[in-house]
There are 2 protein chains.
Amino acid sequence: MSEVESFFKSAFSVDNVIFGFDGGDLKVLLIQRGAAPYRGKWALPGDLVYPNEDLDTAAERVLEQLTGLRGVYLEQVKAFGAVDRHPLGRVITIAYYSLIKIDDYAVTPASFAQSARWHDFAHIGELAFDHNEILETCLKQLKHKVRMAPVGFELLPPKFTLTELQQLYESILETELDKRNFRKKILSMNLLIDLNEVQEGVAHRPAKLYQFDRVKYEQFVGEGFTFDV
Amino acid sequence: MSEVESFFKSAFSVDNVIFGFDGGDLKVLLIQRGAAPYRGKWALPGDLVYPNEDLDTAAERVLEQLTGLRGVYLEQVKAFGAVDRHPLGRVITIAYYSLIKIDDYAVTPASFAQSARWHDFAHIGELAFDHNEILETCLKQLKHKVRMAPVGFELLPPKFTLTELQQLYESILETELDKRNFRKKILSMNLLIDLNEVQEGVAHRPAKLYQFDRVKYEQFVGEGFTFDV
DNA sequence: CATGGTTATTGTCATTCTAACACCAATTAG
DNA sequence: CTAATTGGTGTTAGAATGACAATAACCATG
């Protein structure tokens, strides 16, 4: 094999850390591998990138094949390319994370998965390949991002309460926040629409429902505003 | 060609945005390409990744071949993988940036370069491939990084003045800073060693020379400190 | 229907951080 | 010796932060 040919004896894949939030804990959607290597092991959903496919497109495809969702929040994080990270050959992978509303998720058969399941972020065991490392890197990235851009709303249903929003931040940042200060800060941004609706069927004082005002956010950004929690 | 083979009809490269600082402007080290495609055009230094080489190692190699430097600050930024980004085939590239002390730079012949030259960041024309986009992304990353970690010192000589440090920040952040407030903030971190030396041969009051105290920084980080400018 | 359990909602004050701002000091050039 | 240049320093007003607790609204239960 010539040297030039050997350069092309390699492949690249995308792996996608799909985050969800169920009101309590931060979740990650993992698959159980249906093929070697690591058959039967839990892993991040991912696939080889097609020769005529952009990286972002490949990540979107993996997400759609598994969840049926399109147009969700997706962000590239980092390339992982240790020589020995894949036992069958030289494969570098580009890690993405995406944020989905967990209620939108519908199980979809995907060629690369025996089965798929949400896992509590806090209780994830040993994964295939270097996927534990990828997961940690993506969470670190999300921790930064969620404080500097209004991406947290991607994980919540369209109508949500301030307590839900706070719990979301607390579970991503792995810290507790002061309730009054949190509300003060969020509301002072004027980015939430008060829907004049309340929760129903809860055994306590019902909370008001809000909606994120994306139009206003874009407008404020144009005026020099930067989101900051 | 089988489908599996076609997956392996691809290559990956690294491209390195090498930043330097000469006391006035932020600089980038560019090469003039010695081979097709884009022969003669200015481009980021980069090379294909060897089959048995880690990504980080490849980036270090490119840097060393061009500058003779080892062990300098190097950080991966993002993978660029548009299908048509390379005219000769499917090549995705992993972008890195590195920070070097411009005085340490010694011209070294590199196979991939006809010639290499520092360019003012502000006056860079059209580059080969998608390298303008890569450059912009790396600067954006550096702007964030320099505010949240003491990486700016990587661009300065071991002994520097506070004015030099401020000019460095101003040129990276593309903004002006207040002299008194800047000094107050930097000195209050207790991360600079006052060398009790002053500049020599300047036609004005000589400035005091300082040195960054990496040991203290590591210690403070261990105690929960976070650098923030 | 009265009580208890549970969560939602709201404001103040002390402290800290931020941002704006101007003058004297030390040196070299001529 | 004078001019020109850059180095070095402190205060203050306003804003942001962080700590903190009592009342309101709803459902469940007896």
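The existence of a salt bridge linking B:E60 and B:R70 is excluded, since no basic side-chain nitrogen approaches an acidic carboxylate oxygen closer than 4.0 Å. A salt bridge does not link B:E174 to B:K140: none of the charged nitrogens lies less than 4.0 Å from a carboxylate oxygen.
Note: NZ (A:K179) to C1' (D:dT17) measures 20 Å, nearest angstrom. Counting to the nearest Å, the P atom of C:dT27 and the CD atom of B:Q199 are 12 Å from each other. A straight line from CZ of B:F182 to P of C:dA19 spans 14 Å, rounded to a whole angstrom. In this entry the distance linking CG of B:L165 with C1' of D:dG8 reads 15 Å, nearest Å. The distance between atom CD of B:Q166 and atom P of D:dG8, rounded to the nearest whole Å, is 11 Å. Atom CD in A:E197 sits roughly 17 Å away from atom C1' in C:dA8 (whole-Å rounding). Atom CD1 in B:I186 sits roughly 16 Å away from atom C1' in D:dG8 (whole-Å rounding). For the pair B:D178 CG and D:dG10 C1', the computed distance is 12 Å after rounding to whole Å.
With hydrogens and angles left out, the side chain of A:R180 and the base of D:dA21 share a donor-acceptor pair within 3.5 Å. No donor-acceptor contact under 3.5 Å links the side chain of B:K208 to the base of D:dG8.
Of the side-chain N and O atoms in B:R183, one or more sit less than 4.0 angstrom from OP1 or OP2 of D:dG8.
Counting any heavy atom pair closer than 4.0 Å across all strands shown, A:V202 reaches sugar-phosphate atoms only and no base atom. Note on A:T161: nothing from the nucleic acid sits closer than 4.0 angstrom, heavy atoms only.
Other residues, nucleotides and ligands contribute over 12 non-hydrogen atoms within 6.0 Å of the CZ atom of B:R183.
Taking the nucleotide of DNA chain D with the nearest heavy atom to each of B:R205 and B:K184, the more 5' of the two is matched to B:R205.
In the set C:dT7, D:dG10, D:dT5, the nucleotide with an atom closest to the side chain of A:H204 is C:dT7. Candidate nucleotides C:dA8, D:dA28, C:dA20 were compared by shortest atom distance to the side chain of A:A203, and D:dA28 ranks first.
To the nearest 0.5 Å, atoms NZ (B:K184) and CG (B:N181) are separated by 4.5 Å.
Counting heavy atoms from C-beta outward, A:Y73 and A:K145 have side chains that approach closer than 4.5 Å.
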